[in-house]
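Step one of this worksheet: look at the structure below.
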Amino acid sequence: SSAPSRSCSCTPPPPPLLLLHAPRFRAFPSHRAMRGCAVVASAVVRRARLPVGIWSALPVSGPVVPPVLLVPRCCCRGFASEAASSSEASASSSSTHKAERVVLYPPGANAPSAKADKFAGLVAASLQDGSQVEMNPIGSPAMWHCLRALSVGPCSADFRVNWVSNAQSPESSDAGNGEARRALRLLARKGAPWEEFDKNISGGCFVTRGTQVEQLAKKLALELRGNDCVTLHTWADAEEAVAVMLKAIAIAPSLGDGAPVRCSAGSVRKDGQEVPRVIVHVFKAPNRGAAGPEFVAYPPGGAADEERKKVFNDTVRSRLTEGQTIVMECRGRDATANAMAALASVRLRTGRFQVRWVDAFGDARDGGPVPRALRVRVSSGETWEEFNAINFSKTRRLQVGKDVKALALAIGSEVKKLGGVAVHAYADSLPCVFSAVKAIASVSTEHSGMSVDCVPSFGWSDDGAGGKSRSIRFYVRRAGKGGGGGGG
């Protein structure tokens with residue numbers, strides 16, 4: 001296939017890239033299977049009719065997406081996606097479902113240019129297909145490959161970025177130091193055509209490898225208070241500077257009003273400059289916790305191992321970071337204690353929740369009592385710095401006892417008189433934590449519909465033997481009194 005006419009002087013043009021999408025190989029491909037792949041590749045390039053049954057010969061499981069031929073437009077604008085021309089591919093394209101989210105893995109340090117171009121082509125093809133692309137880069141090289149892929153496609157790309165849980169870096173493992181580095185998560189979709197993308201960088205902020213991440217994040221948070229958009233740009237080959245941009249964007253919501261941001265990525269080559277610029281427009285975005293669907297989380301019970309608890313904690317933290325509201329139904333003391341431990345462990349911003357009694361399952365017509373559960377609704381609250389600035393000496397501290405009703409009455413009375421109250425329970429005592437949450441859920445019953453919310457946090461208390469024991473503290477106040485926003 002000959003490449004389309006090009007408007008630049010880049011020579012020679014890169015070769016076409018053929019993508020054979022398959023969910024996964026059933027086994028290591030045999031020579032016969034690889035010959036089948038070669039037949040498909042040859043037929044696509046020659047625009048020839050594919051042999052009947054060729055798809056069944058491929059050693060893959062699940063639906064096979066028709067091949068896509070990526071024809072280079074020019075070396076600085078990436079690839080244009082062109083669907084394979086064959087009767088079977090055309091027929092299957094309408095019946096094969098498109099993935100809602102595609103997870104792609106960026107190359108790391110010292111990756112060859114062929115691998116980088118292949119990754120950029122995969123990202124471009126997935127975005128053009130209408131899929132949402134997820135990338136989880138660890139380290140500056142992987143972050144650079146991600147932003148490069150988003151900025152050199154057939155059109156611009158819209159994306160969100162946030163921190164995810166600690167992940168083990170392959171590079172650090174190879175080095176033998178075992179150091180775990182945090183990963184970013186980028187969720188990208190197809191953006192505006194290049195003709196509509198704003199390439200003006202005159203009022204933007206130029207980022208260098210020496211730019212401090214926290215300082216840039218503070219600048220972003222400050223400027224987004226009075227502007228709807230902030231533009232960041234740097235040289236397209238500045239690996240460290242690109243990583244600084246993405247990290248700062250991920251941190252910025254937690255330093256501002258908590259509202260999440262969305263970004264648009266592209267590139268531009270100025271006259272007289274050999275290296276193009278990569279551009280990221282950062283926009284204010286509505287808080288998805290208020291407008292979007294709630295995320296339903298399932299707290300692990302007593303039989304859960306540590307790995308499952310860690311996954312649950314990471315999920316809660318990630319969803320709150322994105323500004324999403326979480327709903328959990330806690331049945332029993334183990335699930336309740338695990339849920340509270342996850343909320344007390346969130347970073348940057350507090351995990352503020354409201355809780356009420358609901359019918360868990362069963363039916364009153366069965367003749368027996370309807371089991372009850374605690375429905376916890378969590379949103380991101382004020383920053384921990386703002387929360388810790390509260391003068392807690394002006395409010396009382398209540399200890400959890402066996403009488404849940406009496407504790408609920410005391411909580412409501414203190415909130416009415418002083419605006420808030422701290423309820424302390426030993427963190428390793430599941431019955432105490434369970435009783436505290438049940439009492440908070442019962443406040444609306446004991447005080448005629450009074451609505452309260454709560455922020456859990458970890459601390460230390462006297463154990464009665466001259467030592468210290470870890471405790472979990474529930475600061476209860478009238479609903480809506482604390483700060484809010486995204487970024488957990």
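Quick caveat: nothing in here was measured; it's all calculated off a predicted structure.
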- Message: Any side-chain to backbone donor/acceptor pair from T231 onto I201? Under 3.5 Å, distance only.
- Response: no
- Message: Whether the side chain of S156 engages the backbone of A192 through a donor-acceptor N/O pair (distance < 3.5 Å, no angle test) should be reported.
- Response: yes
- Query: To the nearest 0.5 Å, what is the distance between OG (S126) and CZ (R189)?
  - Reply: 11.5 Å
- Query: What distance do R377 atom CZ and Q354 atom CD have between them, rounded to the nearest 0.5 Å?
  - Reply: 7.0 Å
- Query: Should we count OH of Y298 as having more than 12 external heavy atoms under 6.0 Å?
  - Reply: no
- Please tell me if the side chains of C205 and K219 come closer than 4.5 Å, counting only heavy atoms from C-beta onward. yes
- Query: So, Q128 side chain and A125 main chain: donor-acceptor pair closer than 3.5 Å or not?
  - Reply: no
- Do the non-hydrogen side-chain atoms of L150 and F159 ever get within less than 4.5 Å of each other? yes
- Decide side-chain contact (heavy atoms from CB on, under 4.5 Å) for V242 and V278; before the verdict, give the C-alpha distance in whole Å, the side-chain angles of both, and the deciding distance to 0.1 Å. CA-CA 8 Å; V242 166; V278 59; 4.2 Å; yes
- Message: Distance alone, cut at 3.5 Å: any donor-acceptor contact between the side chains of H281 and S264?
- Response: no
- Message: Using modelled atom types and a 3.5 Å cut-off, is there a donor and acceptor pairing between side-chain atoms of R160 and backbone atoms of L187?
- Response: no
- Task: Measure from NZ or CZ of R277 to the centre of the six-membered ring of W235, then state whether that distance is under 6.0 Å and the direction lies within 45° of the axis.
- Result: yes
- Message: Would you say R319 and Q324 are linked by a side-chain donor-acceptor pair, where the criterion is simply a distance under 3.5 Å?
- Response: yes
- Closest non-hydrogen contact found for L409 with H447 is O-NE2, 3.0 Å
- Query: Backbone N or O of V207 within a donor-acceptor pair of the T234 side chain at under 3.5 Å?
  - Reply: yes
- Item | Between CG on residue L343 and CZ on residue R352, distance to nearest 0.5 Å | 12.5 Å
- So do P137 and W144 actually touch side chain to side chain, heavy atoms under 4.5 Å? no
- Query: Parallel under 30°, tilted from 30 to 60°, perpendicular over 60°: which one fits the rings of H145 and F119?
  - Reply: perpendicular
- Message: Can you tell whether the side chains of D314 and R317 come within less than 4.0 Å, N to carboxylate O?
- Response: yes
- Message: Minimum heavy-atom separation for C330 and T336, please, with both atom names.
- Response: CB-OG1, 3.4 Å
- Heavy-atom donor-acceptor pair, T350 side chain to E382 backbone, under 3.5 Å: yes
- Task: Check whether the side chains of S442 and W357 place a donor and an acceptor atom closer than 3.5 Å, and report yes or no.
- Result: yes
- Answer yes or no: is there a side-chain heavy-atom contact under 4.5 Å between M450 and V415? yes
- Query: Hey, mind stepping through N136 and Y105 against side-chain contact (heavy atoms from CB on, under 4.5 Å) and telling me if it holds?
  - Reply: CA-CA 7 Å; N136 298 283; Y105 301 94; 5.7 Å; no
- Validation row: D228, F283 side chains within 4.5 angstrom (heavy atoms): no
- Query: Is a side-chain donor or acceptor of S429 paired with a backbone partner of Y426 at a separation under 3.5 angstrom?
  - Reply: no
- Message: Using the rule given for salt bridge (charged side-chain N to carboxylate O under 4.0 Å, His left out), can you reason through E214 versus K218, listing the C-alpha separation, both sets of side-chain angles and the distance that settles it, and then say yes or no?
- Response: CA-CA 6 Å; E214 291 187 3; K218 290 178 180 178; 5.1 Å; no
- What distance do Q215 atom CD and L220 atom CG have between them, rounded to the nearest 0.5 Å? 12.0 Å
- Message: For the aromatic rings, using the six-membered ring if either is Trp, is the centroid distance between H424 and F474 under 6.0 Å?
- Response: no
- Minimum heavy-atom separation for S151 to S267, with atom names? O-OG, 3.0 Å
- Message: Surrounding CG of D305 (heavy atoms of other residues, nucleotides or ligands, distance under 6.0 Å), is the total greater than 12?
- Response: yes
- Message: Assess whether a salt bridge exists between R375 and E329, defined as any Lys/Arg side-chain N lying under 4.0 Å from an Asp/Glu carboxylate O.
- Response: no
- Worked verdict on E134 versus L104 for side-chain contact (heavy atoms from CB on, under 4.5 Å): CA-CA 6 Å; E134 176 180 343; L104 298 177; over 6 Å; no
- Message: Under 4.0 Å between a side-chain nitrogen and a carboxylate oxygen: does that hold for R308 and E306?
- Response: no
- Pair Y475 + F392: ring centers closer than 6.0 Å: yes
- If you round to the nearest 0.5 Å, how far is CG of L246 from CE of M135? 9.0 Å
- Query: Quick check: does any side chain N or O of N227 sit under 3.5 Å from a backbone N or O of C229, one acting as donor and the other as acceptor?
  - Reply: no
- Would you say the side chain of R477 lies within less than 4.5 Å of the side chain of I390, judging by non-hydrogen atoms? yes
- Query: V452 versus I440: any side-chain heavy-atom pair under 4.5 Å?
  - Reply: yes
- Are E414 and R478 ion-paired here, with the side-chain N under 4.0 Å from a carboxylate O? no
- Query: What are the two closest non-hydrogen atoms of V476 and C454, and how far apart are they?
  - Reply: CG2-SG, 4.1 Å
- Between the side chains of S140 and E239, does any donor sit under 3.5 Å from an acceptor? no
- Residue pair K416, E446: steps toward the salt bridge (charged side-chain N to carboxylate O under 4.0 Å, His left out) verdict: CA-CA 13 Å; K416 287 180 180 179; E446 304 300 334; over 6 Å; no
- F197 side chain near I279 side chain, heavy-atom distance below 4.5 Å: yes
- Inspect the surroundings of CZ in F458 and state if more than 12 heavy atoms from other residues, nucleotides or ligands are less than 6.0 Å away. yes
- Item | Minimum heavy-atom distance N338-F312, with the two atoms named | O-CE2, 3.9 Å
- Task: Evaluate the criterion side-chain contact (heavy atoms from CB on, under 4.5 Å) for residue pair L232 and L216; output intermediate values, then yes/no.
- Result: CA-CA 10 Å; L232 305 178; L216 181 58; 4.1 Å; yes
- Closest approach of A408 to V443 (non-hydrogen atoms, all atoms of both residues): O-CG2, 3.8 Å
- Query: From M143 CE over to E240 CD, what is the distance, rounded to the nearest 0.5 angstrom?
  - Reply: 9.5 Å
- Item | Side-chain donor or acceptor of D129 paired with backbone N/O of S131 under 3.5 Å | no
